[in-house]
Amino acid sequence: MHVTATDNQALKNVDAAKKILTVPADGFALCPVRDILDRVGDKWSLLCILYLGSTDRLRFNELRHSIMGISQRMLTVTLRSLENDGLVRRTVYAEVPPRVEYCLTALGQSLLGAVIELGNWAKDHAPVIAEARQRVVAPPAATAGQV
């Protein structure tokens with residue numbers, strides 16, 4: 001049987017996925033992937049990571065104005081969550097008015113590469129996905145005489 005490079009990559013991907021999804025020997029069924037994705041997989045967290053990764057640091061309002069559609073409350077909650085997970089560092093300066101800046105930590109920087117890969121994949125495949133969605137929303141009309 002001849003195995004192509006594509007077949008070989010698919011087999012590697014299957015093995016890698018199985019390894020990630022394997023329940024640890026200690027019996028805890030909590031998958032670390034699910035735990036992390038639950039925390040950073042929402043659209044606001046990924047956008048915060050991307051914007052913070054695009055520059056050295058951002059002030060709260062700079063970040064809020066960059067992320068279209070996010071409310072002040074949601075940005076606060078998202079940044080707090082990312083800070084609690086060790087992905088974002090919050091620096092408060094003792095000034096009047098107070099100045100607060102956010103930046104990615106080393107851990108956040110290490111995640112940024114994967115987020116960029118996901119973003120590039122999304123940009124590359126957005127037209128194909130939009131086309132697939134259109135087929136589901138508006139399936140082709142049935143031809144006359146078919147039941």
Side-chain angles (χ1 to χ4, degrees), residues 1-140:
M1 178 168 107
H2 179 68
V3 178
T4 66
T6 302
D7 294 335
N8 194 31
Q9 185 60 46
L11 291 172
K12 285 181 182 178
N13 288 343
V14 167
D15 289 342
K18 285 180 180 178
K19 184 177 178 182
I20 290 170
L21 297 172
T22 300
V23 176
D26 61 11
F28 289 107
L30 178 63
C31 175
V33 174
R34 183 174 180 167
D35 181 47
I36 299 302
L37 287 178
D38 283 347
R39 294 297 296 260
V40 300
D42 64 274
K43 65 181 177 181
W44 302 127
S45 293
L46 292 177
L47 287 172
C48 284
I49 291 167
L50 277 171
Y51 277 105
L52 289 170
S54 71
T55 186
D56 186 39
R57 59 189 67 247
L58 286 171
R59 294 179 73 168
F60 182 89
N61 280 328
E62 291 172 324
L63 191 54
R64 186 167 62 94
H65 294 304
S66 297
I67 303 174
M68 189 168 38
I70 193 167
S71 68
Q72 181 171 336
R73 168 87 175 120
M74 185 51 66
L75 181 57
T76 299
V77 169
T78 301
L79 288 170
R80 189 173 298 138
S81 173
L82 293 172
E83 185 181 7
N84 289 342
D85 287 342
L87 300 170
V88 168
R89 179 179 308 110
R90 178 179 188 261
T91 305
V92 180
Y93 296 92
E95 300 174 353
V96 177
R99 178 171 52 116
V100 179
E101 293 180 338
Y102 296 88
C103 65
L104 292 178
T105 63
L107 184 62
Q109 287 288 342
S110 71
L111 177 60
L112 179 61
V115 173
I116 288 170
E117 288 287 326
L118 178 62
N120 285 333
W121 183 91
K123 284 182 80 171
D124 292 346
H125 294 88
V128 175
I129 293 169
E131 185 179 300
R133 288 177 180 167
Q134 283 298 335
R135 283 194 305 267
V136 172
V137 171

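What you see is a predicted model, and the numbers here were worked out from it, not measured in a lab.
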- prompt: Can you tell me how far the CD1 atom of I67 sits from the OH atom of Y51, to the nearest 0.5 Å?
  reply: 6.5 Å
- prompt: Measuring from L52:CG to Q109:CD, what's the distance to the nearest 0.5 Å?
  reply: 9.5 Å
Separation of E117 CD from L112 CG (nearest 0.5 Å): 10.5 Å
- request: Search all heavy atoms of E62 against all heavy atoms of R59 and return the closest pair with its distance.
  value: OE1-N, 2.7 Å
statement: CH2 (W121) and CD1 (I129) are apart, to the nearest 0.5 Å, by 4.0 Å
message: Restricting to non-hydrogen atoms, name the atom on M74 and the atom on W44 that form the minimum distance, rounded to 0.1 Å.
response: CG-CD1, 3.3 Å
- prompt: Nearest heavy-atom pair of R57 and C103: which atoms, and what distance?
  reply: CB-CB, 4.0 Å
query: What are the two closest non-hydrogen atoms of R89 and T105, and how far apart are they?
result: N-CG2, 3.8 Å
- prompt: L75 and C48: side-chain contact (heavy atoms from CB on, under 4.5 Å), yes or no, with the steps?
  reply: CA-CA 8 Å; L75 181 57; C48 284; 3.6 Å; yes
- request: Grab the two heavy atoms, one from Q72 and one from R64, that are nearest each other, plus how far apart they are.
  value: CA-CD, 3.8 Å
message: Walk me through whether L104 and V88 qualify under side-chain contact (heavy atoms from CB on, under 4.5 Å).
response: CA-CA 4 Å; L104 292 178; V88 168; 4.2 Å; yes
Gap between atom CZ of R73 and atom OG1 of T78 - 0.5 Å precision: 9.5 Å
- request: Taking the side chain as every heavy atom from C-beta outward, state whether S81 and L87 have any atom pair closer than 4.5 Å.
  value: no
- request: List the steps, then state whether side-chain contact (heavy atoms from CB on, under 4.5 Å) holds for L63 with L79.
  value: CA-CA 10 Å; L63 191 54; L79 288 170; 3.8 Å; yes
field: Nearest-0.5 Å distance that lies between atom OG in S45 and atom CZ in R39
entry: 8.5 Å
